[in-house]
Engineer: 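Here it is: the structure, laid out below.
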There are 2 protein chains.
Amino acid sequence: MTSSLDSSLLLFSPDDEVLEQVKVDIGFQNLSQDWDSYMDPVEHPLKEHQLSELEPAPAEAKEEPTPPAQKQVSVQPVANSVPVLDGWPGVHQFQVTVRRRPEQAGRQLPYVYSADGAKLYTDMMVAVPFSFTYSGVADPSALRIRALPIYRESHHIQTPVRRCAIHREPQDPSNDTGHMMHVVRADHHHASYHVEQERCSVTVPLEAPEPGTDHYQVLFKFACMNTCVGGINRRRLMLVLTLEERASGRTLGRQAVEVKVCRCPHRDWRADEKRKGSEQAQPKASKRPRREPSPPPPSNGQQQLYVVADDPAMYRYLVEARESLLRYRRSVLAEQAPPAPLSRQDTAPVKPEYR
Amino acid sequence: MTSSLDSSLLLFSPDDEVLEQVKVDIGFQNLSQDWDSYMDPVEHPLKEHQLSELEPAPAEAKEEPTPPAQKQVSVQPVANSVPVLDGWPGVHQFQVTVRRRPEQAGRQLPYVYSADGAKLYTDMMVAVPFSFTYSGVADPSALRIRALPIYRESHHIQTPVRRCAIHREPQDPSNDTGHMMHVVRADHHHASYHVEQERCSVTVPLEAPEPGTDHYQVLFKFACMNTCVGGINRRRLMLVLTLEERASGRTLGRQAVEVKVCRCPHRDWRADEKRKGSEQAQPKASKRPRREPSPPPPSNGQQQLYVVADDPAMYRYLVEARESLLRYRRSVLAEQAPPAPLSRQDTAPVKPEYR
DNA sequence: GCACAAGTGA
DNA sequence: TCACTTGTGC
Ligand SMILES: [Zn+2]
Ligand SMILES: [Zn+2]
């Protein structure tokens with residue numbers, strides 16, 4: 001039996017990390033009244049469409065044209081499976097990097113790799129050379145490398161990374177080579193594209209390093225920006241790279257690299273560096289990390305209420321609902337005692353958030 | 001015979017303003033060699049897709065469900081017709097404004113109207129009350145008001161204003177009331193939506209002012225932002241408001257209002273005001289107007305070469321081609337003597353501009 | 001490579 | 001309302 005996204009990549013986790021995360025994310029602490037008024041469909045300004053991302057995408061789940069030999073069936077229990085991004089070299093000492101790091105780059109490349117943060121900054125649709133090292137592999141062709149993009153924040157880690165409406169258009173040049181739904185592309189003749197549980201990934205066969213080099217190089221491209229509206233939408237991205245046994249799909253090693261696909265890789269890399277520097281310099285309160293503070297990991301030892309999520313969809317729904325509530329509260333706070341209603345024609349009444 | 005976009009709104013103009021504009025826009029002055037190398041499909045970094053906007057949109061030109069009584073046929077010659085935005089009150093003294101201008105606004109509205117510049121700043125999908133005045137109309141119901149969005153810059157004035165891919169999605173809340181293709185909506189029970197020559201507009205019947213007021217108020221909403229990628233795309237917008245004879249479609253009056261649909265109407269209005277102020281203060285070179293410098297209107301008295309555009313599509317094609325060339329030149333200038341080609345695997349070769 | 005414009009979280 | 005982020009023109 002074979003599996004493409006195997007059980008060590010998609011981790012089945014009833015009341016472990018995932019639920020811990022749910023407890024943290026869904027922080028309704030004795031706020032049942034708040035909850036009620038929030039959930040009242042007449043009172044609060046939410047509409048279902050705000051949760052539209054949660055709906056399973058209109059079955060795009062068809063398998064890509066793949067060499068029949070690699071046709072595979074997932075045996076993975078789907079419920080509560082969450083992608084793992086812990087680095088794990090495994091027996092083959094599987095490692096990843098991107099060559100030509102910034103400090104030695106002579107000419108301005110359309111990408112920068114920060115080795116310490118394991119973060120790649122790249123423009124869209126440029127081929128970035130990932131270098132893989134491994135050892136103790138008798139027959140490389142029996143293994144393959146999979147690249148799977150996921151969201152970094154726990155809030156969104158369960159959401160499949162999908163392309164935005166604009167770049168999904170068939171006439172978009174990024175789709176000249178097909179694989180319209182795939183954010184991550186591999187410039188490799190034997191790349192094969194997979195869609196499993198709504199998640200798009202690409203695999204390439206493992207090969208021996210080119211003569212004279214000690215690493216196997218694969219070119220990956222990214223077909224949406226981190227900022228793509230209706231797609232990645234400014235969320236942080238990780239690229240999970242796994243070494244797999246081709247026949248069984250078993251994971252033999254794993255590494256993850258953060259990827260920021262943006263127009264000015266160098267500028268943004270530099271900005272991150274500066275930020276890092278100033279944060280260390282002033283370990284005080286400093287400036288709050290603007291981007292996605294991500295719920296406090298351990299939190300206080302006090303009794304915590306939580307909502308159990310039965311499946312990923314529910315989890316996502318709840319997380320989203322929570323965020324909507326937070327937005328709602330903020331807006332209520334912001335408005336506070338709605339000013340004497342004007343002529344009732346002057347301004348639009350309760351309206352959904354358009355974006 | 002009836003016409004919805006009549007001949008005074010769409011002006012037939014062979015060798016007049018339009019061609020003047022072409023002369024200015026297409027400024028190939030003795031640059032045939034430049035042109036050649038530019039047009040060589042192998043040498044230069046352009047691809048057809050960059051001109052994709054020029055292609056006629058996949059026939060969305062179906063008429064909206066409209067009361068049969070208002071079903072109309074256009075008798076308008078299409079070639080070289082260009083929208084007019086000169087204010088023209090006409091015999092009925094047709095005038096437009098938006099009430100509640102900023103200086104007297106107590107509470108922060110989601111829109112601001114600058115009367116002097118005749119410019120509206122508004123958030124997306126909020127109902128903005130336009131006030132119309134007119135006089136000498138015996139039977140208002142025989143007339144109607146049309147709202148047609150067009151691009152302000154001559155570069156783009158021939159391009160129909162279309163919604164972006166994101167807001168065009170059927171599940172977008174802005175489409176709950178239908179009219180998916182329409183950027184401009186009227187909050188009026190008898191609004192009727194038109195699509196003619198790829199241009200979307202909306203009409204409402206003219207009515208008598210509400211008792212006690214001297215103006216007829218109509219609520220308009222805007223269903224895309226000025227910045228919408230793949231749609232308006234940061235271009236400046238005008239809303240052309242025409243008073244029409246309902247039966248004949250004849251134009252009796254016309255006014256135009258610039259509209260900026262953005263997230264922070266007040267901020268952007270304030271910014272414009274400041275800009276205006278500082279520009280007057282320093283009438284010297286000052287800061288170059290960043291946005292769309294729009295080709296120098298009269299230019300020097302020297303012999304000017306120009307390319308004749310036979311029809312709007314060609315015109316648009318040429319304008320776009322010209323802009324592409326400018327981009328190409330800039331990029332060539334920027335690169336100058338391409339550095340010794342690297343390992344040929346490090347960087348992506350000639351690639352189209354992804355966006 | 002800089003500076004501006006403009007969406008967005010807080 | 002402020003400040004940050006980030007696409008984009010030049
Ligand atoms: Zn995208
Ligand atoms: Zn839009």
Side-chain angles (χ1 to χ4, degrees), chain A residues 107-110 112 121-124 153 155 164 166-167 224-236 260-272 274-275 278-279 285-294 323-324 326-336 353-355, chain B residues 107-108 110 112 121-124 153 155 164 166-167 224-237 260-272 274-275 278-279 286-294 323-336 353-355:
Chain A
R107 167 114 179 105
Q108 189 93 316
L109 291 177
V112 191
Y121 305 75
T122 179
D123 199 352
M124 192 178 144
E153 277 89 13
H155 287 56
C164 72
I166 290 161
H167 294 126
C224 260
M225 320 260 302
N226 270 45
T227 51
C228 275
V229 173
I232 302 175
N233 220 293
R234 282 169 293 108
R235 289 175 281 194
R236 296 178 71 170
K260 180 175 188 184
V261 189
C262 56
R263 282 293 186 223
C264 307
H266 283 84
R267 177 186 66 177
D268 294 356
W269 164 71
R270 208 175 302 277
D272 274 3
K274 197 166 62 180
R275 218 185 321 272
S278 68
E279 262 169 34
S286 77
K287 282 158 185 169
R288 68 286 194 200
R290 194 69 50 181
R291 176 69 58 101
E292 288 280 8
S294 168
E323 290 175 9
S324 292
L326 292 177
R327 281 195 295 270
Y328 171 64
R329 285 192 195 146
R330 279 197 296 269
S331 69
V332 167
L333 272 183
E335 292 186 2
Q336 205 72 300
E353 276 181 25
Y354 289 94
R355 50 178 11 262
Chain B
R107 167 116 181 103
Q108 189 93 318
V112 191
Y121 305 75
T122 179
D123 199 353
M124 193 178 145
E153 276 89 13
H155 287 57
C164 71
I166 289 159
H167 294 126
C224 261
M225 319 262 302
N226 270 46
T227 52
C228 275
V229 173
I232 304 176
N233 220 295
R234 280 168 295 107
R235 288 174 283 194
R236 296 179 72 171
L237 265 194
K260 181 177 186 182
V261 189
C262 55
R263 283 292 185 224
C264 308
H266 282 84
R267 176 186 65 177
D268 295 355
W269 164 72
R270 207 176 303 276
D272 273 3
K274 196 164 64 182
R275 218 185 321 272
S278 68
E279 262 170 34
S286 79
K287 283 157 185 169
R288 69 284 195 200
R290 194 68 49 178
R291 179 66 58 99
E292 288 279 7
S294 178
E323 291 175 8
S324 292
L325 172 61
L326 292 177
R327 282 195 296 272
Y328 171 64
R329 287 193 194 144
R330 278 196 297 269
S331 70
V332 168
L333 272 183
E335 291 185 3
Q336 207 70 302
E353 274 180 28
Y354 290 94
R355 53 176 7 260

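Here is the naming used below: chain letters follow the sequence lines, and residue numbers restart at 1 for every chain.
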Engineer: Round to the nearest Å and state the distance from B:R267 atom CZ to C:dT8 atom P.
Structural biologist: 11 Å

Engineer: Quick check on D:dT6: is either OP1 or OP2 less than 4.0 Å from any side-chain nitrogen or oxygen of A:K260?
Structural biologist: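 The answer is yes; a side-chain N or O of A:K260 sits under 4.0 Å from OP1 or OP2.
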
Engineer: Roughly how many Å is it from CZ in A:R235 to P in D:dT5, rounded to a whole number?
Structural biologist: 19 Å

Engineer: What are the two closest heavy atoms between A:P265 and A:T122, and how far apart are they?
Structural biologist: CG-C, 3.7 Å

Engineer: Are B:R263 and C:dT8 close enough that a side-chain N or O sits under 4.0 Å from OP1 or OP2?
Structural biologist: yes

Engineer: Send over the distance from A:N226 CG to C:dT8 P, rounded to a whole Å.
Structural biologist: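 The distance from CG of A:N226 to P of C:dT8 comes to 15 Å, rounded to the nearest Å.
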
Engineer: Could you give the CD-to-C1' distance, from B:Q108 to D:dC2, as a whole number of Å?
Structural biologist: 13 Å

Engineer: Send over the distance from A:N233 CG to D:dG7 P, rounded to a whole Å.
Structural biologist: 12 Å

Engineer: Of all residues at least two apart in sequence or in a different chain, which pass the side chain to side chain donor-acceptor pair (under 3.5 Å) check with B:N226?
Structural biologist: none

Engineer: So which heavy atom on B:V229 is nearest to which on B:C164, and how close?
Structural biologist: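 Shortest heavy-atom contact: O-CB, 3.4 Å.
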
Engineer: Roughly how many Å is it from CG in A:D123 to P in D:dT6, rounded to a whole number?
Structural biologist: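 Taking atom P of D:dT6 as the reference, CG of A:D123 is at 14 Å.
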
Engineer: What is the distance, rounded to the nearest whole Å, between atom CG of A:D268 and atom C1' of C:dC2?
Structural biologist: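 Rounded to whole Å, this separation is 14 Å.
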
Engineer: So, the side chain of B:R235 versus the backbone of B:G231: is there a donor-acceptor pair under 3.5 Å, distance only?
Structural biologist: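 Yes, B:R235 side chain to B:G231 backbone: donor-acceptor pair under 3.5 Å.
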
Engineer: Should A:T227 be listed as having a side-chain N or O under 4.0 Å from OP1 or OP2 of D:dT6?
Structural biologist: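 Answer is no, no contact under 4.0 Å.
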
Engineer: Counting just side-chain N and O atoms, does A:R234 come under 4.0 Å of either OP1 or OP2 of C:dT8?
Structural biologist: yes

